[in-house]
Amino acid sequence: MTNLVNISNLNFGYGLRPVLKGINLTVPKGSLVAIMGLSGCGKTTLLRLMGGQLRAREGVVEVAGYRLNDISQEDLYALRRRLGMLFQFGALFTDLSVFDNVAFQMREHTNLPESVIRDLTLMKLNAVGLRGVQSFMPSELSGGMARRVALARATALDPQLILYDEPFAGLDPISLGVIGQLIRRLNDVLGATSVLVTHDVQESLKIVDYVYFVSDGVIVAQGTPDQIRASSLPFVHQFVWGEVDGPLPFHYPASTLRDDLGLKGN
Amino acid sequence: MPLRTTQRSIQLVGDRTLRIVERIGAIMVFLGMILMRSGTSFRRFGLVIREVFFAGVQSLIIILVSGLFVGMVLGLQGHETLQNYGSEESVGVLVALSLVRELGPVVSALLFASRAGSAITAEIGLMKATEQLSAMEMMAVSPISRVVAPRFWGGVLSLPLLSMLFSAMGIIGGFLVAVVLIGVDDGAFWSQMQAAVDFSHDVMNGIIKSVVFGIAVSAIATFEGYEAPPTAEGVSGATTRTVVSSSLAILALDLVLTAFMLKGWN
Amino acid sequence: MERSTLNLWVGFFVLLGFFSFLMLAFKVGNLSAGGSGSSYSVVAHFDNIGQLKERAPVRSAGVLVGRVSAVSFDLAHYNAEVRLSIDSHYPFPKDTSASVLTSGILGEQYIGLDAGGDDKMLKDGDQIKLTQGAMVLERLIGQFLFNKAQEGGTTDKGGSAK
């Protein structure tokens, strides 16, 4: 099995602050891989590097045979036509209807006749169960529905690689389950490869094939969902079972409370 | 000590000046980028027509009503002053020349900046804040050519039309006050106006001004939206900046253009 | 918003703008007078043009027939060379005379044309030979005072002779 995404020895930082340190990561073709970690650990940055929104200076980022470090604008756009991305809150175009949102890429990138575009768009909407809202504006949708429409839009051109940025954020438990199942199904039906960035452990462990744990810009653990659940690493254990205190302390590093309150020991 | 404060205030002036020059330069670069990526706007003119609707048609009411009022006030004031010299019939000349040369282009551009310019900035800024622009970028569609350029051209096409409407409406307002209300001779009102207003020197120069203002306001509005920090304060700040800097740009450009037009272009 | 209603509105807006352009051009401006239409230009030399400026009206019998297109100083004759652009609807005889006149007492200055009786008409580039420069107020007053003084002088003389 070949790898669609290949990242090796990646270092990245904003300004002087290093965000990612020595990342090695592969995503085999056809699999659904999750990158997990706490908010601010660098996982979204990692996703942006894969989508070419950020350029790495040290290390190698390879996606579908393209080296992204110094890719030209044309190559990047050519790559992105084979890429789908689901943004955190859907990022639907607020000035277009649901139908036009899903049809957007077909109209921009293909010369298909309007009747074909209509059929394809309705099929994509049907796949997420929302054919009935095609004439709605994004502002008229609930959060869960907007996420599903965005999913239909991301898969509109049958991409090879789908990137998900926090697909579960801010959803109710039912929508959450629906989105999870859709992600898995679309991946298998389209024969695509997916990368999922999330901090929702329980939901994603149900659907993914492989998990990378990121903490402080370093991959601290990896494995299949079963291996992760059974992991005895204190950090992973704390994360998976949602414990308040553990290797990741409840308190942000600070001087002692006694000092801050000005209580001088006597 | 006073030397230090003097030095510091001069430094402050220099700092501000440099920042303004930098900003003007950035807007120029942005304008160049828009012009280079305007192909889509002209190939799919429907995109521009849509923006003409939002920028032009929706500013129609405010432009027509303000034009009428400004013309009426000019008629009243002009008549009041001119009757001291016994030349009430010249009120038409005064109203027409001040509207066609100055007030039409300038006031309608100021109104346009606050009505349509701020809306353009807010819309693009919000699209950026909700990741719609990133989403478009990830779909291999350039936001400059798909979002920014149509709005720019919509503004550039709308403003000259609006400013001609403003002038025409103002002259009708002046006519209503001077002829219908006060009783200045109808024939003298129009014939004196026709004798004094030259098509190429007065009417065309006014239109040229409004085209230049349209380019300036649209470039500033789209620039501020595109460069807005992706937060609520960022977008609101950008909206305010659009109104302030386009107003200043309109008045400064008006001075330069008027000087050239009165002296002749050589 | 439906695409067709949107186009309808924009079309309405563009038409409205176009009509206001026509109004500015023909009702407000001078395009209907053929001002920017076809015209022929003639030259006239004046010893003094007073306050005459470019774009000043050219009238004949009070009717606007053209405009001053250029004013320059002629180094060969040391006088003012004025180029007139006259509407081709109004042909004038070759011996037409031009004078610099003032509308009202202190009004703007313009060129008045008095048609002659020649059979041949002025063509583009011709020169108007008969010209009358501006009345300069200082000279008029000076002349008036001079005449008065002379009159006074003669009556004085007359008195002493008596």
Side-chain angles (χ1 to χ4, degrees), chain A residues 44 47-54 63 66 71 73-96 100-111 114 138-139 143 146-147 149-151 153-157 159 161-166 169, chain B residues 33 36-55 57-58 116 119-152 154-155 221-222 225-226 228-232 235:
Chain A
T44 299
L47 201 69
R48 285 176 180 231
L49 284 160
M50 287 186 210
Q53 288 170 290
L54 296 172
V63 177
Y66 288 100
I71 192 170
Q73 189 71 17
E74 292 96 77
D75 281 353
L76 184 60
Y77 270 23
L79 168 66
R80 281 179 176 172
R81 287 183 186 213
R82 301 196 270 150
L83 217 76
M85 180 154 181
L86 182 72
F87 280 82
Q88 193 161 359
F89 293 103
L92 292 176
F93 302 132
T94 39
D95 55 341
L96 299 178
D100 291 336
N101 259 288
V102 178
F104 183 81
Q105 289 185 84
M106 303 180 197
R107 287 186 178 144
E108 295 291 328
H109 290 320
T110 69
N111 290 319
E114 197 56 33
S139 54
R147 209 68 60 86
V149 172
L151 197 51
R153 187 181 68 175
T155 57
L157 290 184
L161 175 67
I162 313 175
L163 306 173
Y164 297 93
D165 187 7
E166 302 281 8
Chain B
M33 241 157 52
M36 267 166 48
R37 300 198 192 160
S38 291
T40 318
S41 304
F42 291 104
R43 247 177 287 118
R44 293 165 57 192
F45 205 64
L47 293 174
V48 178
I49 290 179
R50 213 187 114 84
E51 301 311 327
V52 171
F53 177 81
F54 287 114
V57 176
Q58 299 205 330
I120 290 174
T121 304
E123 195 190 9
I124 297 180
L126 273 178
M127 287 182 85
K128 187 182 182 193
T130 52
E131 292 190 304
Q132 292 179 46
L133 296 186
S134 308
M136 201 171 274
E137 187 87 34
M138 284 304 295
M139 294 178 198
V141 175
S142 151
I144 299 260
S145 55
R146 184 61 176 67
V147 172
V148 172
R151 281 164 178 74
F152 173 79
T222 48
Y226 196 75
T231 59
V235 174

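Reckoned from all heavy atoms, side chains included, excluding hydrogens, waters and symmetry mates. The chains referred to below are lettered A, B, ... by the order of the sequence lines, with proteins before strands, and numbering in each begins at 1.
For B:M127 against A:D95, the heavy-atom pair with the smallest separation is CE-OD1, 4.4 Å.
With a 4.5 angstrom heavy-atom cutoff, A:L157 does not touch chain B via any of its atoms. Heavy atoms of A:Q88 lying under 4.5 Å from chain B belong to its backbone as well as its side chain.
The distance from the CD atom of B:E131 to the CG atom of A:L92 is 12.0 Å, given to the nearest 0.5 Å. Of the inter-residue distances, the one linking A:R153 atom CZ with B:M139 atom CE reads 3.5 Å to the nearest 0.5 angstrom. Rounding to the nearest 0.5 angstrom, the gap separating the OG atom in B:S134 from the CE atom in A:M85 is 8.0 Å.
Remark: B:F45 pairs with no residue by the ring-ring contact (aromatic ring centres under 6.0 Å, His included) rule, at least two apart or across chains. For A:F87, the ring-ring contact (aromatic ring centres under 6.0 Å, His included) criterion is met by no residue, not counting sequence neighbours.
Within the structure, the salt bridge (Lys or Arg N to Asp or Glu O under 4.0 Å) test picks out the following pairs touching residues 77-86 of chain A (sequence neighbours left out): A:R80-B:E137.
Within residues 141-149 of chain B, the residues approaching chain A closer than 4.5 Å by heavy atoms are, in numerical order, B:V141, B:S142, B:R146.
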